[in-house]
Amino acid sequence: MRFARNPNNRSGDYLEGMLSDYVGGKAKVKATKTGCTWLVTALTCLQLAFAVYATILLYYMSPSVELRTKPEFTWATRIARNMKQFIIPPHVHGRYQEAASLITAEIFSPITPSQVCEHERIDFVQKKSSDVQMIKLKRELYDEILDFQSKTIGTETLSELMAMKSQWDMRGPNRPKVTVLLNHFKRKTLCSQLDSLLQQSLPFHQVWVLSFGSPNEHSLKRIVESYNDSRISFISSSYDFKYYGRFQMALQTEADLVYIVDDDMIPGKKMLQILSHVAGIEKYKNSALGSIGRILPFRQKDFTFPSYRKFRSKEAGLYLPDPAYDITVQKIVQVDFLSSSWFLSAELVKALFIETPSTFMTGEDLHLSYQLQKYRNAGSFVLPVDLTDKETWGDSEHRLAYVSETTVIFKDIVQVRDDQWWRALSTGYVTQWAAMYPQKIDALFYAHSVDEVKALAPLLEKFRSSVGKKAYIVVSGGNFCPCEDAAAALNWPKSVCKERRFKIFDLQVGALSRASNSEVPVLQAVYSSLKGLIKIHNPSVIITVTDIDPNVKKALKMASETNVNGTALVLLPRSSVSKVLWMADLRSTALQNWNRMRISVNIITQSRAPSLTRLLKSLSDAYYTGDEIPVSFNMDSKVDEATIKLVDSFEWLHGPKTLRRRIIQGGLIRAVSESWYPTSDDDFGLLLEDDIEVSPYYYLWIKYALLAYHYDPQVSLPELSSISLYTPRLVEVVKERPRWNPTEFFNRIHPNTPYLHQLPCSWGAVFFPKHWREFYVYMNMRFTEDAKANPVQIPKSRTNGWQASWKKFLFDMMYLRGYVSLYPNFPNQASFSTNHMEPGAHISAKDNVVRHDKADFEVPLLIEDFRTLLPNGKLPPASKLPSLNLFNQPVSLKGLKAAGAKLGQDVLTCNNATEIVTVDHITGLPQQCSKFI
C-alpha cells in the first residue's frame, strides 16, 4: 500500500538525467579545449548533491500527507552555501546558477486540476417507468412504510431535522471532524467529487482517495497531487481489497465521523453539514446515514419471499429514492441497508467485521446494516432532501447512481445477494417487513448439534402437525450442526435449507466465528441471532435440551429475556421430550407461563425408613421438565436414626434440599399443615406422606394441569384449590363408604375425563398458594381439641366427627366456599400416586375403629404416557370438566357455592343465601361476604 506525499514528485533518476543533459551540454561548448577534469568532477558532485537535497527536501515538505512533523533542512542549505566556493569557482558558478534555475522551473512547475481532470459524461436521460401498475404498487408500498414509521419511530422532513438539537456546533469549537473516503476504480468522477467537497458548507477534516487494484492509479494520483491540498491524501495498493477495503481504512481515522462515498456519488455542497447535524441528534446518534437505500422483500401470499430483483412484484421491496417510479425521499426513512454512501462514526464501522462475511465479492452494504442492527442496535436511514435545492442531495447529479452499469443485475450476483439477505433475515435481522408485520408463533426449537435435533424431533413434529400451531427450529450450523444434516435428521428434504420460507434457521455459528478457543464468539453469535429471531417471530417458548452447552444455554436465556411480550426458555431432559407432547395442545398464552410456577415437594416422615426409601426412589425415577424443584423433609421430634440417615444421604438432582425437625412432638395435624407455606402466588406445594409412592408421570400431570387450568389467561377457574395425584375408590364421607368408579360414572361424557371434586386429597396433592393461606387462617380460627365443639357440621358427612385430621378443616372450608380439586380418571383408578396403607398415625392406630381394606385404597400407578388416554388425547377445556359435590353427586360450581352459603356456618355470618365469605389472598384473612356467580 502506498501513500503519496509530494504532489510534484518526479523520480530521482529523471531529475538527475535532466540536469546531466542540460549542464553537460553547456560544458561541452566551453570546455572542449580546456581539459580541466577537476571541473567535470566538481560539476558531477554538485549534480549529485543538488539531486539528493531537492529530492529529500520536497519529499518531506509535500502537502499531500502529513504523517509527522516536518524536519528542518536549513543545515543542508548552509553546507551547500559554504561549500559552493570550493566545489565551483565563482566565475563558473554564475553561469550554472542561471541554468539550474531554468531546469527547476521546467521540472517543478505546479500541475493544476484543469490539466489532469477527466469528467464522466452524463449525456443520458434518467430512466422512467411507464408501467402504471408497477408505479402504483411501488408507491403504495412506500406509503405503507412511511405511515408505519411515522406512527412508530416518527419521521421528519429535512427542515424539521435541521431544527432539532444536535451535539455538533457547525460554527463553534464543537465542530465535528469528518474524514471522507473516496473509493475509485475506473470512473472519471474524482475531480467532481473533490470540487464538491472543497466547497462544502462544513469543511472536511481529511479526504482519503483510495485506489485498490485500479488500472487508473497513476491518473488518480496525479489528480490528487494537482489539488495541492494537505488535507487530501492518496492511498493505493496493487491488491484489490474489493468493497470492504474502504471500511478497513475507515477504522484508521481519528476523526469523529467518516463519510464513505462510492465513485458514482457527487454530494451536494451542504451534505457534510446536514449529515453531521443529523448524526448529532440524540435519536439518530447511533445510526448509519446515507442518501440511497433499499427495503428488502416482503413475504408473499404463499409464505415465501421473492428475489429482491423480482419483476412486477410489490413484495420485492423498494429502492429509495427511485427516480424510475418518481419516488423521492422527503422524510427520513429507515431502510434495510444503505447503498453508495455511508455516514457514521468510526466506532460503528467496527461492527462490519464482527462476523465474517459469507463473501468479500459483494454485499458489504447489506452486511454493514445487518451487523449494526444485530450487534449495536443501530438503524440505517436515508436522509430527506429539499427537491428545490440540489446542494442538499447526496447525489447532486441524481443519475449516475441509477444507471444499469452501477446496479447489480447479473444473475449470479443477484443470487448471491438474495442468499445473503435471506441469511441475514434467518439469523435475526429485523427488516422493515419484520418490523411492520411481527409474527406470533408457539415455539422456537434450538439445537446445537445433530443429536439434539434428533432428541427434539418428536416434539417439533407434534407442534408442526397440530392444527393452528406454528413452530420452527434453529440450528447452530457450521461445524456444530450443518443445516443439511439437521434436515436429514428430521426427514426433511435438504432443500429446506435453501428455501426462502420460515422452517429451519441456520445460524452458521461455526462459519461465522471460525476456530476459537474462547466461548465468547459462540455465546455472542447465538445470543445476538436469537434476540433478533425472537423479536421477529415472538415465540411463546424456546425449547431445547437440558444438557446443551452451558454457554449456549446462557445465550438462550439472555435472548429469551429480551422479549417484552414474554418468551419462556424450556430446558427439557432428553428422556422427557417425547413425554410432553401435550405442550402442543396448550394455548400460546399458557405456554408463556412455563417457568412462572415453582412446585416444591414436601415430605412428611416419622420413622418409616423403608417406606420413605420407596417414595424417594419413585420421585428420583420420575420424568421432569428441567424446572428447579425444592424438596423438604419434615420430621417430628421422635424420628428414628434410620430415617435421619436416609434423609441426610439422599441426593436430589432437581433443586435444593431442606431438612426440618421439630423439638416437641407435634402430631400429624401440625406435621402436615406446617410442612409448607407459599412464598408467592406462583409457589405450589406438593404434600406427600412417606407411605405414598408416585408415578413416573406425576410431575408432568401437575405441570400440564397447572398450565391448562391455572396459567391460561383465557381460563377462569378460581374455585380450583388443588390438583390431586390420586383417584379415590370409595366415597369416604358417608358412613357406608361405598365403592365408586369414576370411569364408569363418567362414561357418557368420556370414560377418562378428569373431573372436579369437592374433596381434598391427602394421598398426593398439589395445593394452591392463595387457598392454602386461606386454609391456614381458617384452621386457626376453627381449631378445637373437641371435634364436637366445631361449629361446622356438614349434613350427613362422616367428617363431622373427625378429630385428629387436618383434612377435616379443609373439608369444611371447601364445602363452605365452593372450592374443588382436580382429579385424574383412568382405567382401574390408575393414578399418579398410591397409598400403601402402612401403619401410622391413622392406619392401624389403637383409637381408630374404622377398618381399612388395603384393596380399597391402594391403586395402580400409571406407568405409560397418560396423554393418549385423555379425551381426544388432551385435557378437556375447563368448561367441559364435570364437577361433583362432597358426596360424589354431580353439581355445578355455582351449586356447590349455594350449598355452602345455605349452611351458613363460615367464620363470617352472611345474611344472604347468595353470598359466601371472600378473603384477602395475600394474608388469607376473611374480608367480607360477596355474591357468587
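What you see is a predicted model; the values in this text were computed from it and never measured. For this chain, numbers begin at 1 and follow the sequence in order.
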E315/K301 salt bridge by N-O under 4.0 Å criterion: no
Greater than 12 external heavy atoms within 6.0 Å of M436's CE: yes
Salt-bridge contact E355-K374 (side-chain N to carboxylate O under 4.0 Å): yes
Steps toward side chain to side chain contact (heavy atoms under 4.5 Å, CB included) verdict (V522, E519): CA-CA 6 Å; V522 172; E519 75 282 359; 5.8 Å; no
Under-4.0 Å salt bridge between E156 and K283: yes
Spacing of CG belonging to L338 relative to CG belonging to L366, to within rounding of 0.5 Å: 11.0 Å
Sub-4.5 Å side-chain heavy-atom contact between F298 and Y437: yes
Donor-acceptor pair between D419 and Q415 side chains, under 3.5 angstrom: yes
Enclosure of K557 NZ (heavy-atom neighbours >12, cutoff 6.0 Å): no
Test item: T392 side-chain N/O and D389 main-chain N/O as donor-acceptor pair under 3.5 Å: yes
N538 versus N563, side-chain donor and acceptor atoms under 3.5 Å: yes
Check against side chain to side chain contact (heavy atoms under 4.5 Å, CB included), F337 and L368: CA-CA 8 Å; F337 66 90; L368 175 62; over 6 Å; no
Donor-acceptor pair between D395 and S291 side chains, under 3.5 angstrom: no
Contact check, side chains of L202 and W168, non-hydrogen atoms, under 4.5 Å: no
Atom OH of Y284: over 12 foreign heavy atoms under 6.0 Å: yes
Heavy-atom donor-acceptor pair, Q373 side chain to V430 backbone, under 3.5 Å: yes
Minimum heavy-atom distance between L507 and V526, given as atom pair plus value: CD1-CA, 4.4 Å
F247/W342 aromatic ring centres below 6.0 Å: yes
Exercise: do Q200 and K269 side chains pair donor with acceptor under 3.5 Å: no
side-chain hydrogen bond (donor to acceptor under 3.5 Å, both in side chains) between S528 and Q524, worked out: CA-CA 6 Å; S528 56; Q524 177 178 258; over 6 Å; no
Straight-line distance of L318 CG to R294 CZ, nearest 0.5 Å: 8.5 Å
No-hydrogen, no-angle side-chain donor-acceptor test under 3.5 Å, K350 and Q371: no
Side chain Q508, main chain G478, donor-acceptor under 3.5 Å: no
From M265 atom CE to L182 atom CG, the distance as rounded to the nearest 0.5 Å: 11.5 Å
Basic-acidic side-chain contact under 4.0 Å: D365, R417: yes
Cationic N near anionic O, under 4.0 Å, E364 to R246: yes
Contact check, side chains of L352 and L372, non-hydrogen atoms, under 4.5 Å: no
N183 side chain to D262 backbone, donor-acceptor under 3.5 Å: no
Sub-4.5 Å side-chain heavy-atom contact between T157 and L161: no
Residues Q439 and R299: side-chain donor-acceptor under 3.5 angstrom: yes
4.5 Å side-chain heavy-atom contact, V329 and L383: no
Test log, rule side chain to side chain contact (heavy atoms under 4.5 Å, CB included), inputs D195 and S192: CA-CA 5 Å; D195 290 342; S192 297; 5.6 Å; no
Atom pair CZ/CG of R423 and D506 - distance to nearest 0.5 Å: 8.5 Å
Donor-acceptor side-chain pairing of H119 and T189 below 3.5 angstrom: no
Whether K242 side chain and F212 backbone form a donor-acceptor pair below 3.5 Å: no
Stepwise side-chain hydrogen bond (donor to acceptor under 3.5 Å, both in side chains) test for H184 and Q193: CA-CA 11 Å; H184 275 263; Q193 288 183 322; 2.6 Å; yes
Criterion side chain to side chain contact (heavy atoms under 4.5 Å, CB included) on Y259 and L344, from CA distance to verdict: CA-CA 7 Å; Y259 187 28; L344 67 170; over 6 Å; no
K314/E144 under salt bridge (Lys or Arg N to Asp or Glu O under 4.0 Å): CA gap, chis, key distance, verdict: CA-CA 12 Å; K314 177 181 178 180; E144 289 173 14; 2.9 Å; yes
Step-by-step side-chain hydrogen bond (donor to acceptor under 3.5 Å, both in side chains) determination, T427 to Y370: CA-CA 10 Å; T427 52; Y370 164 50; 2.5 Å; yes
Salt-bridge present (K221, E217; N to O < 4.0 Å): no
Flag for Q330-T328: side-chain donor and acceptor within less than 3.5 Å: yes
Donor + acceptor pair across side chains of D386, T388 (<3.5 Å): yes
Candidate list L210, D240, N216, L220, test side chain to side chain contact (heavy atoms under 4.5 Å, CB included), partner F185, passing option: D240
Reported CE-to-NE2 distance for the pair M170 and H277, which is rounded to 0.5 angstrom: 6.5 Å
Non-hydrogen side-chain atoms of S233 and V207 separated by less than 4.5 Å: no
Side-chain heavy-atom pair D147, K151 within 4.5 angstrom cut-off: yes
R501 NZ/CZ over F305 ring centroid, <6.0 Å and within 45° of normal: no
Parallel, tilted or perpendicular, as decided by the 30° and 60° cut-offs, for the rings of F502 and W422: parallel
Pair T179-T253, side-chain donor/acceptor within less than 3.5 Å: yes
More than 12 heavy atoms of other groups within 6.0 Å of K535 NZ: no
pair M134-R139: side-chain heavy atoms closer than 4.5 Å: no
Modelled atom types, side-chain donor and acceptor of E282 and Q167, under 3.5 Å: no
Distance-only polar pair, side chains of S540 and K440, donor-acceptor under 3.5 Å: yes
From F505 atom CZ to Y472 atom OH, the distance as rounded to the nearest 0.5 Å: 6.5 Å
